[in-house]
Each structure stands twice: as C-alpha cells, then as structure tokens.
Amino acid sequence: MKSKSLNTLKNSNIKRLLILLLTNLILTILVMYIGNNWIIDGIYFSFSIIVTYINHKRFIGTTTFDENYVESLDLLNSLIINISSGCSFYDVIDKNEKLRKLIKEDELKTTQIAEIKEKMLILFPYKFYLLFFDIYDQYINVGGDFLKMSESLLNLIKVKQFEIIDLKENYTKRMSSFYMLWTFSFLVIIIARIVLSNYFETMSKNLFFLVLLLVSFIMFDISIFITYLCLLDRKNIKDENYEKV
C-alpha cells in the first residue's frame, strides 16, 4: 500500500510538472503573439522556467513533508488504539515499514523502548511523540487505563489531522481563484490583441511597450512564486519539532 501511494504521488508530481511546463509554453507563445519579438520572448521563457523549477521543488518538498506528518499522526493513533486493546508495543512497530528498515526484524524484540524512541524521533521529530512516550512510561511503571491516559493526545492528533486537511483545501481554493483571475486577464489581452491588431503591430516596434509587456508577464510568475511561498508554508507545524538538548 505504501509503495502504491508513493508511486501515485510521483505520477501526480510528474503530471503537475508537465502542466506547469505546458502553461509556460502557452504563455511564451502569447508573449510572442502580442509583442512579436524573439528576444523578449526568450527572456520571458527563461525566467518562467526558472520560477517553475523553484515552485515545483517547493511543492514536492511540502508534499513530502505533509505525507510524513500525516503518517506520523496515523502511526501515533494506531499505537494508542492498539496498546489500549492489549496489543504489544513491538507488534505495532513491526507493522510500520519505515521503522522496520531502521530496526532489523530479528532485533525488534530485544531492542529497548528508549532505542526505539530515538529511532522514531529520527523519522517523526515531533513534540507529541515525546508526550506519547511520557504517557507510555507512566503506563508501564504505574499502570492504569492507557486509553484514558492518552485521551488528550488523541484529541491533539485529531486537531493536527484537520489542520493538514484545512491547509490542503485552502491551497486548492486559493490556487483555483488565482488561476481563474489570471486566465480572465489573459483572455482580455487576447481579445484586445485580436480587435486592435493594427495598434498592437505598431506598438510592437516600441521598446517601452515591449519592456512593459515583459514586466507584466514576469509579474505573473512572481505572483505565483509569492502565492506558493505563502500557501506551502509549514513553519507553524515545523515549529512543533522537538530539539535535542
């Protein structure tokens, strides 16, 4: 299941990159259609490719982070539910593919909880994992109802899961509105170019007009960059990472 999700993620990233490159090509053709100048067209195409590459790398980085974060929440939720049901801590860990790579199967039963904790915090360096191990230590040493002891942590997990969902939904909504606004703007430009063809042909020989045209399209790429910078920011979540003393 994990390999399938990774393949799906990779295919989705490739499709997304192809769409971005196609968008760059269409806009480059549009710049050429309006300005009829190869130099201006070449400058814009080069700039847009660089911005697309940066945006795509940022998107992949955020997507990978989100996948890891969601997995960490799912694993923590599974640990709490299964331990509360009487399952062994080691049995739950054994089912996680990433942790099994860090801990050899024949060494799992002999590995101390403290060592597993260190390895888990390498993969999932979040403060709520420290809270989980504090609760688990208390459960082992004192006893009690583990589910009730972990009630506040389970509520925190739900909050964090909804937080990621909200961030993804907000990204989709904002980017949809962003592209619709700019698509409408470009349609207005295309209609103006068709209706006022003689005027645009005359203006295409004017250097100021060509520079203004280039700046206008570059502003589109810069606005995408800024939008990505804001919508793909995960600083608040990353601040939850624990720091080793």
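These values consider heavy atoms only, across backbone and side chains, with no hydrogens, waters or symmetry-generated copies.
Contact check for Val31 versus Leu214: no side-chain heavy atoms found under the 4.5 Å cut-off. For the pair Glu163 and Leu73, the minimum side-chain heavy-atom distance is 4.5 Å or more. Taking 4.5 Å as the limit, every side-chain heavy atom of Phe220 sits out of range of all side-chain heavy atoms of Ser185. The side-chain heavy atoms of Leu27 and Thr23, taken from C-beta on, include a pair separated by under 4.5 Å. A 4.5 Å side-chain heavy-atom check between Arg193 and Glu201 finds at least one atom pair inside the cut-off. Side-chain contact between Leu232 and Thr63 is absent, with no heavy atoms from C-beta onward closer than 4.5 Å.
Residues Val188 and Ile34 are members of separate hydrophobic clusters, defined by side-chain heavy-atom contacts under 4.5 angstrom among Ile, Leu, Val, Met, Phe, Trp and Tyr. No continuous path of hydrophobic side-chain contacts links Leu181 to Phe184 [ILVMFWY only; heavy atoms under 4.5 Å]. A continuous path of Ile, Leu, Val, Met, Phe, Trp and Tyr side chains, each step under 4.5 Å between heavy atoms, connects Phe65 with Val70, placing both in one hydrophobic cluster. One hydrophobic cluster, built from ILVMFWY side chains closer than 4.5 Å, holds both Tyr179 and Ile218. Linking Ile, Leu, Val, Met, Phe, Trp and Tyr residues whenever their side-chain heavy atoms come within less than 4.5 Å leaves Ile26 and Leu18 in two separate clusters.
In this structure, Leu21 CG and Ile49 CD1 are separated by 5.5 Å, a value rounded to the nearest 0.5 Å. The distance from atom CG of Asn155 to atom NZ of Lys158, rounded to the nearest 0.5 Å, is 6.0 Å. The line from NZ of Lys168 to OH of Tyr171 is 12.0 Å long, rounded to the nearest 0.5 Å. With rounding to the nearest 0.5 angstrom, the CD atom of Gln161 is 10.0 Å from the CG atom of Leu156. To the nearest 0.5 angstrom, Leu147 atom CG is 11.0 Å from Ile83 atom CD1. Here Asn82 contributes atom CG and Leu75 contributes atom CG; the two are 10.0 Å apart, rounded to the nearest 0.5 Å.
The two residues Asp221 and Ser48 have their closest heavy-atom pair at OD2-CB, 3.4 Å. Scanning all heavy atoms of the two residues, the minimum distance from Ser204 to Gly35 falls at CB-O, 3.2 Å. Between Met32 and Asp41, the shortest heavy-atom distance links the atoms N-OD1, 3.4 Å. Summarising the geometry of Ile135 relative to Ser150, their closest heavy-atom pair is CG2-OG, 3.7 Å, with the distance given to 0.1 Å. In plain terms, the two heavy atoms of Ile40 and Asn37 that are nearest each other are N-OD1, 3.1 Å. Here the shortest heavy-atom pairing between Arg58 and Leu229 reads NH2-CD1, 3.0 Å.
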**Study point:** Pair Met203-Leu196, side chain to side chain contact (heavy atoms under 4.5 Å, CB included): steps then yes or no
**Key:** CA-CA 11 Å; Met203 291 298 294; Leu196 305 173; over 6 Å; no
Check your understanding: Does the pair Val215 and Met219 meet the rule for a side chain to side chain contact (heavy atoms under 4.5 Å, CB included), with working shown?
Key -> CA-CA 6 Å; Val215 170; Met219 284 300 297; 4.2 Å; yes
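Hydrophobic cluster membership of Met180, counting Ile, Leu, Val, Met, Phe, Trp and Tyr whose side-chain heavy atoms lie under 4.5 Å apart directly or via other members: none, as it forms a cluster of its own. Taking Ile, Leu, Val, Met, Phe, Trp and Tyr as hydrophobic and joining them when side-chain heavy atoms fall under 4.5 Å apart, one finds Leu187 isolated, its cluster having no other members.
In this structure, the side chain to side chain donor-acceptor pair (under 3.5 Å) partners of Thr52, at least two apart in sequence or on a different chain, are Asn24. With sequence neighbours excluded, the residues forming a side chain to side chain contact (heavy atoms under 4.5 Å, CB included) with Leu25 are Ile29, listed by chain and number. Listed by chain and residue number, Ile81, Leu154, Ile157 satisfy the side chain to side chain contact (heavy atoms under 4.5 Å, CB included) test with Asn77 (two or more places apart in sequence, or in another chain). Taking the side chain to side chain contact (heavy atoms under 4.5 Å, CB included) definition, one finds that Ser72 meets it with Tyr69, Phe124, Tyr126, Phe128, Tyr129, sequence neighbours left out. In this view, Asn55 and Val51, Ile224, Phe225, Tyr228 satisfy the side chain to side chain contact (heavy atoms under 4.5 Å, CB included) rule, not counting sequence neighbours. With sequence neighbours left out, the side chain to side chain donor-acceptor pair (under 3.5 Å) criterion links Ser216 to no other residue. Scored by the side chain to side chain donor-acceptor pair (under 3.5 Å) test, Asn206 finds no partners at all (sequence neighbours excluded).
Summarising the local packing, CD1 of Ile39 is surrounded by 12 or fewer heavy atoms from other residues, nucleotides or ligands at distances under 6.0 Å.
The salt bridge (charged side-chain N to carboxylate O under 4.0 Å, His left out) contacts involving residues 133-151 comprise nothing, where partners must be two or more places apart or lie in separate chains. Within the structure, the ring-ring contact (aromatic ring centres under 6.0 Å, His included) test picks out the following pairs touching residues 134-167 (sequence neighbours left out): Phe89-Tyr136, Tyr139-Phe146. Residues in residues 21-53 take part in these ring-ring contact (aromatic ring centres under 6.0 Å, His included) pairs, two or more places apart or across chains: Tyr44-Phe217.
Using a distance-only test at 3.5 Å, with no hydrogens or angles considered, no donor-acceptor pair links the side chain of Ser78 to the main chain of Asp74.
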